[in-house]
Amino acid sequence: MKKCILLVVSAVMALSLAACTPTPEKEKAAADAQTTAGAEGAEGGPEGLVAAPTETYKADTMEERNKGSENLPTLAGVSIYRYNKTRDGLVQEMDSLESETLEPQGVLDLMASYGALPEGTELISFEQDGDKATLNLNQISTSDDTMETRLVVESLVNTFTENFELEAGLILQENGEVYTIPEVEAEDDGTMYYDTEYIKFK
């Protein structure tokens with residue numbers, strides 16, 4: 001009787017182990033069930049199931065960000081010299097024009113927006129010959145203050161000589177007449193040059 005009971009218990013244990021042991025058929029069935037569940041989740045199936053991604057992740061690169069903007073215009077960058085807070089020197093500002101090319105009128109408009117020119121200043125002409133140019137305005141300075149006038153002159157000279165690469169200098173004219181002031185060194189013909197010590201005038 002005891003032998004019979006032992007045989008029955010052994011048979012039951014063997015069957016239990018066989019049921020728990022993974023086989024290739026069982027693994028394939030489990031994988032198929034998981035794939036089906038994922039697909040159902042993507043289509044509004046049971047909550048908690050996440051569908052496998054269907055799109056490849058795109059790297060966040062500058063090339064990827066700039067796609068579609070290749071045909072946008074490249075605006076001309078300029079360097080503007082405006083008055084500093086203590087109004088005894090200049091500060092350099094980097095900005096851009098509303099055009100792709102460097103235009104004298106655009107540069108003057110930006111200078112005016114920074115308050116570096118008297119109100120009502122207008123361009124009469126700008127003539128460039130190689131690395132030297134003549135800038136003719138309807139007015140240079142409307143102030144009797146010596147420093148105020150120097151700020152306008154130095155701002156114009158530095159801004160135009162740098163942006164238009166005028167290594168041979170700039171001649172300022174007011175209504176066709178050469179314009180110079182004692183505080184800014186100039187050649188006999190009125191040519192003035194970029195002031196490297198623009199941060200604070202002496």
Side-chain angles (χ1 to χ4, degrees), residues 62-63 65-202:
M62 287 305 294
E63 182 179 294
R65 290 183 187 184
N66 292 331
K67 275 188 178 177
S69 62
E70 296 87 349
N71 297 325
L72 293 177
T74 303
L75 302 180
V78 292
S79 175
I80 301 294
Y81 289 83
R82 64 168 178 81
Y83 312 161
N84 62 13
K85 289 182 179 179
T86 52
R87 299 182 79 82
D88 58 0
L90 302 176
V91 174
Q92 183 186 34
E93 297 282 0
M94 301 307 296
D95 210 322
S96 60
L97 302 181
E98 294 182 0
S99 62
E100 296 181 62
T101 56
L102 187 63
E103 298 290 343
Q105 185 61 62
V107 174
L108 287 173
D109 290 343
L110 264 183
M111 291 183 69
S113 72
Y114 280 105
L117 295 176
E119 188 176 345
T121 300
E122 295 177 0
L123 174 67
I124 296 175
S125 64
F126 178 75
E127 298 175 4
Q128 183 172 355
D129 183 12
D131 57 358
K132 186 172 183 175
T134 300
L135 176 64
N136 186 15
L137 304 175
N138 68 323
Q139 63 183 18
I140 303 294
S141 176
T142 57
S143 174
D144 294 330
D145 183 82
T146 302
M147 180 56 75
E148 186 78 18
T149 300
R150 182 175 183 181
L151 286 168
V152 175
V153 171
E154 297 271 22
S155 177
L156 283 166
V157 173
N158 272 23
T159 297
F160 274 82
T161 54
E162 179 170 326
N163 289 296
F164 291 92
E165 300 179 359
L166 306 176
E167 294 181 13
L170 175 73
I171 297 174
L172 281 181
Q173 290 182 347
E174 186 177 65
N175 295 308
E177 298 292 327
V178 174
Y179 188 95
T180 59
I181 57 174
E183 293 76 23
V184 179
E185 187 177 345
E187 302 287 355
D188 291 339
D189 65 350
T191 303
M192 290 177 277
Y193 303 92
Y194 183 94
D195 188 346
T196 57
E197 298 180 355
Y198 63 84
I199 294 176
K200 187 170 183 179
F201 300 138
K202 297 178 180 178

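The figures that follow rest on heavy atoms only: side chains count, while hydrogens, waters and symmetry mates do not.
A side-chain donor-acceptor contact under 3.5 Å links Glu187 and Tyr193. No donor-acceptor contact under 3.5 angstrom links the side chains of Tyr179 and Gln173, judged on distance only.
The two residues Ala186 and Thr180 have their closest heavy-atom pair at CB-CG2, 3.9 Å. Shortest non-hydrogen contact noted between Asp131 and Glu165 is CB-O, 3.7 Å. Closest heavy-atom contact between Pro118 and Thr142: CB-OG1, 3.7 Å. What you find for Glu100 and Ala76 is that their closest heavy atoms are O-CB, 3.7 Å.
Salt-bridge formation is not detected for the pair Asp95/Arg82: no Lys NZ or Arg NE/NH1/NH2 atom is positioned less than 4.0 Å from an Asp or Glu carboxylate oxygen. With salt bridges taken as basic N to acidic carboxylate O contacts below 4.0 Å, none links Glu183 and Arg150.
Atom CD1 of residue Ile171 and atom OG1 of residue Thr191 lie 3.5 Å apart, to the nearest 0.5 angstrom. Rounding to the nearest 0.5 Å gives a distance of 5.0 Å between CG of Leu123 and CD of Gln105. Residue Thr149 holds its OG1 atom at 6.5 Å from CD1 of Ile181, rounded to the nearest 0.5 Å. Once rounded to the nearest 0.5 Å, the distance linking CG of Asn158 with CD1 of Ile80 reads 11.0 Å. Atoms CD1 and CG, on Ile199 and Asp88 in that order, are 11.0 Å from each other to the nearest 0.5 Å. The line from CZ of Phe160 to CG of Leu102 is 8.5 Å long, rounded to the nearest 0.5 Å.
Counting only distance, with no hydrogens or angles, the side chain of Ser155 and the backbone of Val152 share no donor-acceptor pair below 3.5 Å. Judged by distance alone, the side chain of Asp195 and the main-chain N or O of Val184 form no donor-acceptor pair under 3.5 Å. Asp109 places no side-chain N or O within 3.5 Å of a backbone atom of Ser113 that could act as its donor or acceptor partner. No donor-acceptor pair closer than 3.5 Å links the side chain of Glu122 to the backbone N or O of Asn138.
Contact check for Glu103 versus Phe126: no side-chain heavy atoms found under the 4.5 Å cut-off. With contacts defined as side-chain heavy-atom distances shorter than 4.5 Å, the pair Glu93/Ser79 does not qualify. Arg87 has its side chain out of reach of Asp145: every pair of non-hydrogen atoms, C-beta onward, lies at least 4.5 Å apart. At least one side-chain heavy atom of Tyr194 sits less than 4.5 Å from a side-chain heavy atom of Glu162. A heavy-atom distance below 4.5 Å is found between the side chains of Leu90 and Phe201. Within the 4.5 Å cutoff, the side chain of Leu117 has no heavy atoms near those of the Gln139 side chain. The shortest side-chain heavy-atom distance between Leu97 and Leu75 does not fall under the 4.5 Å cut-off.
In summary, of the residues considered (Leu151, Thr121, Leu137, Thr161), a side chain to side chain contact (heavy atoms under 4.5 Å, CB included) with Leu156 occurs for Leu137 alone.
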Given the rule in the side chain to side chain contact (heavy atoms under 4.5 Å, CB included) test, do Leu170 and Thr134 qualify, once you have shown the distances and angles that lead to the verdict?
-> CA-CA 6 Å; Leu170 175 73; Thr134 300; 6.0 Å; no
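Within 6.0 Å of CD in Glu185 there are 12 or fewer heavy atoms belonging to other residues, nucleotides or ligands. Residue-environment remark: CD (Gln92) exceeds the threshold of 12 foreign heavy atoms within 6.0 Å.
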